[in-house]
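Step one of this worksheet: look at the structure below.
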Amino acid sequence: MGSSNIRVRFAPSPTGPLHIGGVRTALYNYLFAKKNNGTFILRIEDTDQTRFVPGAEQYIIESLNWLGIPFDEGVETGGDYGPYRQSERKNMYAQYAYQLIDNGLAYYAFDTPEELDAMRERLKAANMPPKYDAASRMSMKNSLTLPEDEVKERLERGDDFVIRIKLPRNEEVRFEDIIRGWVVFNTSQLDDKVLLKGDGMPTYHLANIVDDHLMKISHVIRGEEWLPSAPLHVMLYKFFGWDMPQFAHLPLILKPDGNGKLSKRDGDRLGFPVFPIDWEDPKTGEKSSGYREAGYLSDAVVNMLAFLGWHPSDNQELFHLEELVEAFSLERVSKSGAKFDQDKAKWFNHQFILRADNQDLKTLLASRLEDKHLAKGEQYLMDVIQMMKEKVSFAQDILSAGDFFFEVPEEYDEKVRNKKWNAEAASGLQGFAAYIEESKPSSSDDFDAALNTYATENEINKGKLMQPLRWAVSGQAGGPPIFDMLALLGIEEVVNRINLVCEKFATSN
RNA sequence: GGCCCCUUCGUCUAUCGGCUAGGACGCCAGGUUUUCAUCCUGGAAAGAGGGGUUCGAUUCCCCUAGGGGCUACCA
C-alpha cells in the first residue's frame, strides 16, 4: 500500500493470455507506483460478457506474480475500493449514465444494428464520415428525435436501448499527456459513443471513467491504442464535473520485422514467446508459449521489457526490479514504437543466467531433471550448472548442451570429425588415455599438466590433441574449458569415451 | 478515406541550440598459449527530405514523405 496519493491501475480484460505489450503496461504502472510510494491496482475489465475467457484472469495474476510485480489492491488481493471486477460493479454504472441524461448530456438510442449499418452506408455513399454524431443523430431513432411520449412508451415497454453521450458539435478538446505533451482534438471528429449497452453493461468508456474516479486513480498509464478515445474520456470527466487523472500513453511494441503491432502470429512465425507464461485456450485448445517455460528468468524479462520504450539517464543496461523502480520515470519513456528484438532478449537472459545463483538455477531446472541428472549426486549437478551457465542463454540449455556430462554423447559433431579426427589423433588420444590411467590426474590443473607432459614426452603438438579430445569426450566442437570438463567427468569416464570413439570411428589414415 | 501519434546506426536508445553525435544488441576482425553459444579489445554503422528561426541546429517552427494507432452496443 502506498503512502502517497499516487494510485495507478492496470486494467486488462480477461479475453485470453496477457500479451507482453500488456505486461509492459503493467510493469510501467508498477514502477511508477513504487517509485512514488503509490498504490498499484489490478482491475478486471470484463464488461464484454461475450468475450469472457475462463482462466484468463487467473493467468494475468499468475503472470504478474511470476514477474514479481504484485498488486496492492485488486481482484484476489482486495482493498478499500472494490469490487475490482467490473462485472461485479455492474449496478454502479447505470446511474451515472442516467445522470448524464438528466443533465441533457446523453440520450437514449433505439436504433437496431441494421439501422446503424444503413446509416453508415448512407453516409459513406454521400462521402461523409460514417459516424453517429451531432449531424447524423437527428435522423436516427433516439430520445432527441422521437416524441417524448414515444420514448416513454418504448422505455416502459422494455424496448432495447443504449445510452449515447451527446457530444457538442464543434468544440476543442485538449489534454496534456505526460509522454506526448499537449494533444488536441475536436469533438467534430468524434462520435456519440455508446456509454450503456443494450445488456445494461457499461462500455469501456463509461466504466473506466467511473471506476477511475471512484477508485481515486491519479494517473492513467495505458497503451497508445487508447489515445484516440482519450478526448471522449476528457469530455466525460467534464460532463461529470470530476477531476481528471493525468494521462500517459505508452508507445506500442512492434513486430521485429516489417511494421505494426507485435502479435501472437509474429511469435509463432519467428519463434519467440509473445506471452509471459504458457497458455492453452480452454475453447479451441490452441497453445501459446510463454517466456517462463521457454527458459527465461523473470528478472531478464522485466529488464528487457522495461527497455522497450524506456531508458535511464545513464548507460546502465542491467537492472533488477528494485533498481528499475529507483530509476524509472514516465518522462523518460519514448514516444515512438519499439520493435521487439529477440537477440537482445536472449542477451538479457544470458546476463541474468550468468549472475544467477546456482541453487536457484537448479530449482528452476527441477521439473526437467531426470534420473541421469541426479545419478552422480548433488555436487556433480551443481558443478555442471556452474560450468554450463557461462555458455548458455536459456536455463534448460544447461541440461541439453551439457548432456554429455550425464551420459555418453549421442551424436558426434560431423565437422570436427571430418577435420580433426585421424589416425594420429586416435593414437594420440589412446596414448593419453593410458597415460592418465597411470598418472591419475584429478584437478583441472592436473589434467592440463598431464596433457602437457604427455605431449612433450611423445613429441606431439598439444593443440592437435585438444580438439579431438574435447570432441571424443563431449561430441561437441565447443563447450566449457576442456580441463575443467575432464576433471569433472573423471579419469574413468574420459578413458571410456576415448575408447568408445576409437571403436566407433575407426580411422584408416 | 478521416482523425490522432511518431521519425538519430539494421534494432533498442543517449543528446534537454554549440559533439570527433555516446552506449547496448546484432554484425565483422583480432585476442583469451589453440574449443565457443562465454569473456576481452578493436571496427564498420545513424540524425527521412525540404524550408525557415538563430551567430550556430539532430535539438525549436512549418511543409512533404514514410510508418503506426484508432475509426463497434470490443476492450
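Residue numbering restarts at 1 for every chain, and letters A, B, ... go by the order of the sequence lines.
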Point to revise | Same-atom distance (C1') from B:rC70 to B:rA57, integer angstrom | key: 34 Å
Point to revise | Sequence neighbours excluded, every pair satisfying salt bridge (Lys or Arg N to Asp or Glu O under 4.0 Å) that has a member inside residues 450-469 of chain A | key: A:Asp448-A:Lys462
Check your understanding: Given the C1' atoms of B:rG50 and B:rC4, what is the spacing between them in whole Å?
Key -> 24 Å
Check your understanding: Considering Watson-Crick and G-U wobble pairs with both distances under 3.5 Å, what does B:rU33 pair with?
Key -> none
Check your understanding: Looking at RNA chain B, which of residues 452-468 of chain A put a heavy atom within less than 4.0 Å of it?
Key -> A:Asn461, A:Gly463, A:Met466, A:Gln467
Exercise for review: Give a yes/no on whether any side-chain N or O of A:Ser313 is located under 4.0 angstrom from OP1 or OP2 of B:rA14.
Suggested key: no
Revision key, fill the gap. Contacts of A:Leu190 and A:Leu116 projected onto RNA chain B by closest heavy atom; the upstream (5') one is A:Leu190
Practice item. Round to the nearest Å and state the distance from A:Asp133 atom CG to B:rC3 atom P. Key: 14 Å
Study note, to complete from the structure: The reported gap from OH in A:Tyr98 to CG in A:Leu195 (rounded to nearest 0.5 angstrom) is 12.0 Å
Between the protein and nucleotides 10-13 of chain B, list the N/O to N/O atom pairs that are separated by less than 3.5 angstrom.
| from | atom 1 | to | atom 2 | distance (Å) |
| --- | --- | --- | --- | --- |
| B:rC12 | OP1 | A:Lys339 | N | 3.1 |
| B:rC12 | O2' | A:Phe307 | O | 2.8 |
| B:rU13 | OP1 | A:Gly309 | N | 3.1 |
| B:rU13 | OP1 | A:Ser334 | OG | 3.1 |
| B:rU13 | O2' | A:His311 | ND1 | 3.4 |
| B:rU13 | O2' | A:His311 | NE2 | 3.1 |

Revision key, fill the gap. Of A:Thr203 and A:Arg180, the one whose closest nucleotide on RNA chain B sits nearer the 5' end is A:Arg180
Exercise for review: Would you indicate what A:Val416 reaches in the nucleic acid, counting non-hydrogen atoms under 4.0 angstrom: base, sugar-phosphate, or nothing?
Suggested key: nothing
Review point. Yes or no on side chain to side chain donor-acceptor pair (under 3.5 Å) for A:Ser393 and A:Asn349, after CA distance, side-chain angles and deciding distance?
Key: CA-CA 6 Å; A:Ser393 294; A:Asn349 206 50; over 6 Å; no
Check your understanding: Contact class for A:Ala401 (heavy atom, under 4.0 Å): base, sugar-phosphate, or nothing?
Key -> base
**Study point:** Atom C1', compared across B:rC27 and B:rG1: separation rounded to whole Å
**Key:** 42 Å
Practice item. Can you tell me which residue pairs pass the ring-ring contact (aromatic ring centres under 6.0 Å, His included) test with a partner in residues 163-189 of chain A, sequence neighbours excluded? Key: A:Phe175-A:Phe247
Show me the side-chain donor-acceptor pairs of residues 302-315 of chain A shorter than 3.5 Å, one per line, residues at least two apart or across chains.
| from | atom 1 | to | atom 2 | distance (Å) |
| --- | --- | --- | --- | --- |
| A:Asn303 | OD1 | A:Phe319 | N | 2.7 |
| A:Asn303 | ND2 | A:Glu317 | O | 3.2 |
| A:Asp314 | OD1 | A:Gln316 | N | 3.1 |

Practice item. Any salt bridge (Lys or Arg N to Asp or Glu O under 4.0 Å) involving residues 254-263 of chain A? Give me the pairs, sequence neighbours left out, ordered by first then second residue. Key: A:Lys255-A:Asp266, A:Asp257-A:Arg269
Check your understanding: Does B:rC28 have a Watson-Crick or wobble partner in any strand here, with both distances under 3.5 angstrom, and which is it?
Key -> B:rG42
Listed pairs under 3.5 Å, donor-acceptor, residues 394-404 of chain A side chains, sequence neighbours left out:
| from | atom 1 | to | atom 2 | distance (Å) |
| --- | --- | --- | --- | --- |
| A:Gln396 | NE2 | A:Ala294 | O | 2.8 |
| A:Ser400 | OG | A:Gln396 | O | 3.4 |
| A:Asp403 | OD1 | A:Lys372 | NZ | 2.8 |

Point to revise | Atom P, compared across B:rC3 and B:rC55: separation rounded to whole Å | key: 37 Å
Revision key, fill the gap. Contact check, residues 86-96 of chain A vs RNA chain B, heavy-atom distance under 4.0 Å, returns none
Check your understanding: Among B:rA75, B:rG22, B:rC25, which nucleotide sits nearest the side chain of A:Arg51?
Key -> B:rA75
Review point. Say you pick atom P in B:rA44 and the same atom in B:rG10; how far apart are they, in whole Å?
Key: 14 Å
Exercise for review: In whole angstrom, give me the gap between the P atoms of B:rU8 and B:rU13.
Suggested key: 9 Å
Restricting both atoms to N or O, compile the protein contacts to nucleotides 63-66 of chain B shorter than 3.5 Å, with distance only.
none

Check your understanding: Taking atom C1' in both B:rU59 and B:rU7, what distance in whole Å separates the two?
Key -> 14 Å
Exercise for review: Return the orientation label for the A:Trp421 and A:Trp471 ring planes: parallel under 30°, perpendicular over 60°, tilted otherwise.
Suggested key: tilted
Practice item. Count the heavy atoms belonging to other residues, nucleotides or ligands that lie under 6.0 Å from NZ of A:Lys339, then report whether that count exceeds 12. Key: yes
Practice item. Classify the nucleic acid contact of A:Pro481 as base, sugar-phosphate or nothing, counting any heavy atom under 4.0 Å across all strands shown. Key: base
Check your understanding: Do A:Arg164 and A:Tyr132 meet the cation-pi criteria used here (NZ or CZ under 6.0 Å from the six-membered ring centre, within 45° of the axis)?
Key -> yes
Practice item. Assign A:Asp111 to base, sugar-phosphate, or nothing according to its heavy-atom contacts below 4.0 angstrom with the strands shown. Key: base
Practice item. For A:Tyr204, report the nucleic acid contact type (base, sugar-phosphate, nothing); a contact means any heavy atom under 4.0 Å. Key: base
Review point. Above 12 or not: heavy atoms from other molecules or residues under 6.0 Å from CD of A:Gln95?
Key: yes
Study note, to complete from the structure: Under a 3.5 Å limit on both distances, the Watson-Crick or wobble mate of B:rU7 is B:rA65
Check your understanding: For residues 10-28 of chain A, which residue pairs qualify under side-chain hydrogen bond (donor to acceptor under 3.5 Å, both in side chains), counting only residues two or more places apart or in two chains?
Key -> none
Contacts under 3.5 Å, N or O only, protein and nucleotides 69-72 of chain B:
| from | atom 1 | to | atom 2 | distance (Å) |
| --- | --- | --- | --- | --- |
| B:rG69 | OP1 | A:Lys261 | N | 3.4 |
| B:rC70 | OP1 | A:Lys261 | NZ | 3.3 |

Can you give each donor-acceptor pair under 3.5 Å made by side-chain atoms of residues 116-130 of chain A, sequence neighbours left out, with the distance rounded to 0.1 Å?
| from | atom 1 | to | atom 2 | distance (Å) |
| --- | --- | --- | --- | --- |
| A:Arg122 | NH2 | A:Ser139 | OG | 3.4 |

Review point. Do any N or O atoms from the side chain of A:Arg174 and from the backbone of A:Val184 form a donor-acceptor pair under 3.5 angstrom?
Key: no
Check your understanding: In terms of heavy-atom contacts, does NZ of A:Lys264 have more than 12 from other residues, nucleotides or ligands at under 6.0 Å?
Key -> yes
Check your understanding: Under a 3.5 Å cut-off for both distances, is B:rC55 Watson-Crick or wobble paired, and to whom?
Key -> B:rG18
Revision key, fill the gap. Out of B:rC74, B:rC3, B:rA37, minimum distance to the side chain of A:Gln189 belongs to B:rC3
Point to revise | Closest to side chain of A:Asp397, choosing from B:rA75, B:rA37, B:rC25 | key: B:rA37
Check your understanding: Using a cut-off of 4.0 Å on non-hydrogen atoms, how would the nucleic acid contact of A:His350 be classed: base, sugar-phosphate, or nothing?
Key -> sugar-phosphate
Review point. Taking the six-membered ring of A:Tyr84 as reference, does the NZ or CZ atom of A:Arg43 fall below 6.0 Å from its centre and within a 45° cone about the axis?
Key: no
**Study point:** Atom P, compared across B:rU32 and B:rG22: separation rounded to whole Å
**Key:** 29 Å
Review point. Does OP1 or OP2 of B:rA14 have a side-chain N or O of A:Gln316 closer than 4.0 Å?
Key: no
Exercise for review: Look up atom CZ in A:Phe352 and atom CG in A:Leu361, then write down how far apart they are to the nearest 0.5 Å.
Suggested key: 13.0 Å
**Study point:** Exceeds 12 heavy-atom contacts within 6.0 angstrom, atom NZ of A:Lys141
**Key:** no
Check your understanding: Any chance CZ of A:Arg157 has more than 12 other-residue heavy atoms, nucleotides or ligands included, within less than 6.0 Å?
Key -> yes
Exercise for review: Would you mind classifying the nucleic acid contact of A:Ser393 as base, sugar-phosphate or nothing, using non-hydrogen atoms under 4.0 angstrom?
Suggested key: nothing
Review point. Base, sugar-phosphate alone, or nothing: which one does A:Gln351 contact when heavy atoms must sit under 4.0 Å apart?
Key: sugar-phosphate
